[in-house]
Structures are given as structure tokens and as C-alpha cells.
There are 2 protein chains.
Amino acid sequence: MPRIRHERFDCSPGCTVEGTLRYIDGKWKGVVLYHLLEGTMRFNEIRRRIPNCTQRMLTNQLRELEMDGLIARKVYAQVPPKVEYSLTPRGRSLEPVITALKVWGDANVTLAPEVSQAA
Amino acid sequence: MPRIRHERFDCSPGCTVEGTLRYIDGKWKGVVLYHLLEGTMRFNEIRRRIPNCTQRMLTNQLRELEMDGLIARKVYAQVPPKVEYSLTPRGRSLEPVITALKVWGDANVTLAPEVSQAA
DNA sequence: CATGACGGTATCCTTTTCGACACTATGTGC
DNA sequence: GCACATAGTGTCGAAAAGGATACCGTCATG
């Protein structure tokens, strides 16, 4: 962990907005949380849903989300390895936020053609 | 402008979440939008509300928000200069998102002591 | 004449982010 | 014996983000 996360928020009043943003900041965290809203998932299951995210990045994002107490990581001591990720209650409490992001995005974000139309 | 903003979103289905996030990504955009929800404001008015944001950063963020069609910039040809910033309809449509961020932040983000308690 | 307010720019530099790629261990199937 | 799947880790390097500082022109004020 390269930085101490959220050690303090020295911004002006009203910036809990900014504070929240820092939790879901990071290129893939929003999507990860969004997918986890559907339920518990294994590492590669999440990976397959976010094909453009490299393995290393996904690991990073999951670790940060875990450190922030938003997701839980459960390791099964077996081979091949099995690790399950799920939202914590705190993570689930972000649902309105994620939903708001989704709603706005659906209405306002134009996806790349090959995504919104093609395979 | 160093990059072409939001030229495409080549992520998996459901990632309009990620798309939305990219609009309000940037260290101060969330707060700027939050403050602009209150109404039209001049440059230094916004600045005073976000003391930790440097002038350069504020300019950057405002420019990006403007490029994204979220805020409008109105310049009055007078001396000393007067520039007003306000939300566009598209920007205002983000209100539920910002509000959700604020609500969650109020409940879950701990501000630094000197901010939440002291002057 | 000097200073400050206004709304910025320009330049430099450091930190952070992110992607590519190689590598790990173990068990199963071919 | 080899590749494959699982869930990662390590290292490298490019690019982007962000902060510090100095500077701009104009007008009003002292």
C-alpha cells in the first residue's frame, strides 16, 4: 500500500462529497462495486466482467476496497485457490451512490460503438 | 487539454457507472459541483470555498467541467475581470449523484479534526 | 508610486496511477 | 511430461495528475 489512505480530509466544509469520491476513486472501483451489488463473486468472475482491467489492477482495487472496509475477502484454503469477494454492510450502504451513478450514466454516457452495439 | 476527454468508453456492460465517475473524477470536481448547486458563482467565490485547491487546479477543473458540458462560463468584458460559473442543465442533472455522495459522506467520512471541530 | 483585487497562464517538478509482462505454487486433465 | 486454471506478486516504465511558484494586464485605492 503506497499511501496511507484517507488519513485525513483537510478540505472545506461540505467536502464529504470529496471524501466519498476518494473511496470510489480509482479506475475500476466503481464497476467492481457495481458488480458486487449482484452478490458474492470469485476473483476471476469479477475479472471476466471487467475485461479491460488487468489482473494486477483488479488486485489493487480489491485490496484498496478491502482496506477501506467496503468489501470482504474470504480465502478458502484449498487448491486451486478460491477467494470470494462480497460487499460489507458499509460497502452495501454505497448502493444509492452506485445506483445514482448508474442512472446518470445510462442517460448521459455514450459508450464506444463496439461496446454499445457490436459484440 | 492534455487528453481527449471521454472519447470512448471501452469497458464492459454496466460500466456507465465508470463513465459517470470519469466526469466527476479529478480531485476537486465533486466539491465544485456541490458548491455550484447553490447557484452561480464567481471564480474567487468558489476559490474561497475550497481553500486547499490551488488557483491552477481550480482553473483546470472548471475548464474540464466546462468541456464536459456540466458547467457554463460567462465572461463579463469589464475591468477588473468578472467571470461567472453556473451549472448547465446537464450539470444540474447530476444533482442526485452529488447528493448521494454527500449523504454517504456525511454518514461515513470522518473529517480531519481541525476541520470538523476547530475554526 | 506601490499595493491589492480580479481571473487567470506558464513553467517546473514530484507524486501517483496505470498498463505490460513475467513469474509464483499447486492440483487436475490429457 | 505438459499445459491449464486459480489467485495472485514483482518489477519496470510511461503517462497523467497535481502542487509550488512566478507572472500577466487593468483598474481602484492609499
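Chain A is the first sequence line, chain B the second, and so forth, proteins listed ahead of strands; every chain is numbered from 1. Keep in mind it's a predicted model, so treat the numbers as computed, not measured.
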request  = Could you tell me whether the side chain of A/Q78 has a donor or acceptor atom within less than 3.5 Å of a complementary atom in the base of C/dG27?
outcome  = no
Picking from D/dA20, C/dC6, C/dG8, the nucleotide nearest the side-chain atoms of B/T54 would be D/dA20
5'-most contact on DNA chain C (nearest-nucleotide basis), B/K82 vs A/C53, goes to B/K82
For A/D106, the side-chain hydrogen bond (donor to acceptor under 3.5 Å, both in side chains) test, sequence neighbours excluded, returns A/K102, B/T16
Which of C/dG19, D/dG18, C/dG7 is nearest the side chain of B/Q55? It is C/dG7
Let me check something: any side-chain donor-acceptor pairs from residues 76-84 of chain B under 3.5 Å, sequence neighbours excluded? List them with distances.
residue: B/Y76; atom: OH; partner: B/E84; partner atom: OE1; Å: 2.9

task: May I ask you to decide if A/D68's main-chain N or O and A/R90's side chain share a donor-acceptor pair within less than 3.5 Å?
output: yes
From CD1 of B/I50 across to P of D/dG18 the rounded distance in Å is 13 Å
Quick note, B/R48 side chain, CB onward, closest among C/dC18, C/dG7, C/dC6 is C/dC6
Flag yes if B/M57 and B/M41 sit in one hydrophobic cluster, no otherwise; membership is Ile, Leu, Val, Met, Phe, Trp, Tyr, and two members link when side-chain heavy atoms are under 4.5 Å apart.
yes
The residue among B/T88, B/I71, B/L36 that forms side chain to side chain contact (heavy atoms under 4.5 Å, CB included) with B/L65 is B/I71
From CD of A/E45 across to P of D/dA5 the rounded distance in Å is 16 Å
From CE of A/M57 across to P of D/dT9 the rounded distance in Å is 13 Å
Residues 32-47 of chain A vs salt bridge (Lys or Arg N to Asp or Glu O under 4.0 Å), sequence neighbours excluded, gives A/E38-A/R49
**Message:** Students often get this wrong, so: under 4.0 angstrom with heavy atoms, is B/Y76 touching a base, only sugar-phosphate, or nothing?
**Reply:** nothing
Between N or O atoms, less than 3.5 Å apart, protein on one side and nucleotides 10-13 of chain D on the other: list the pairs.
residue: D/dT11; atom: O4; partner: A/R56; partner atom: NE; Å: 2.7

Taking B/L101's backbone N and O only, do any of them form a donor-acceptor pair with A/T20's side chain (distance below 3.5 Å, no angle check)? yes
In the structure I gave you, are the side-chain heavy atoms of A/W28 and A/N60 within less than 4.5 Å of one another anywhere? no
Would you say a side-chain N or O of B/K27 is under 4.0 Å from OP1 or OP2 of D/dG19?
-> yes
Could you go through nucleotides 25-30 of chain D and list every protein N or O atom that sits under 3.5 Å from one of its N or O atoms, giving the distance for each pair?
none

Atom CG of B/L58 and atom P of D/dA20 are separated, to the nearest Å, by 15 Å
Residues 80-107 of chain B vs ring-ring contact (aromatic ring centres under 6.0 Å, His included), sequence neighbours excluded, gives A/Y23-B/W104
Here the distance between atom P of C/dC18 and atom CG of A/N52, to the nearest Å, is 14 Å
Separation of D/dG19 atom C1' from B/W28 atom CH2, nearest Å, is 10 Å
B/R63 atom CZ is separated from D/dA17 atom C1', nearest whole Å, by 18 Å
By side chain to side chain contact (heavy atoms under 4.5 Å, CB included), B/R92 pairs with (sequence neighbours left out) B/L37, B/L87, B/E95
Separation of C/dG8 atom C1' from B/E66 atom CD, nearest Å, is 13 Å
Of the candidates D/dT6, D/dG19, C/dC18, the side chain of A/Q61 sits closest to C/dC18
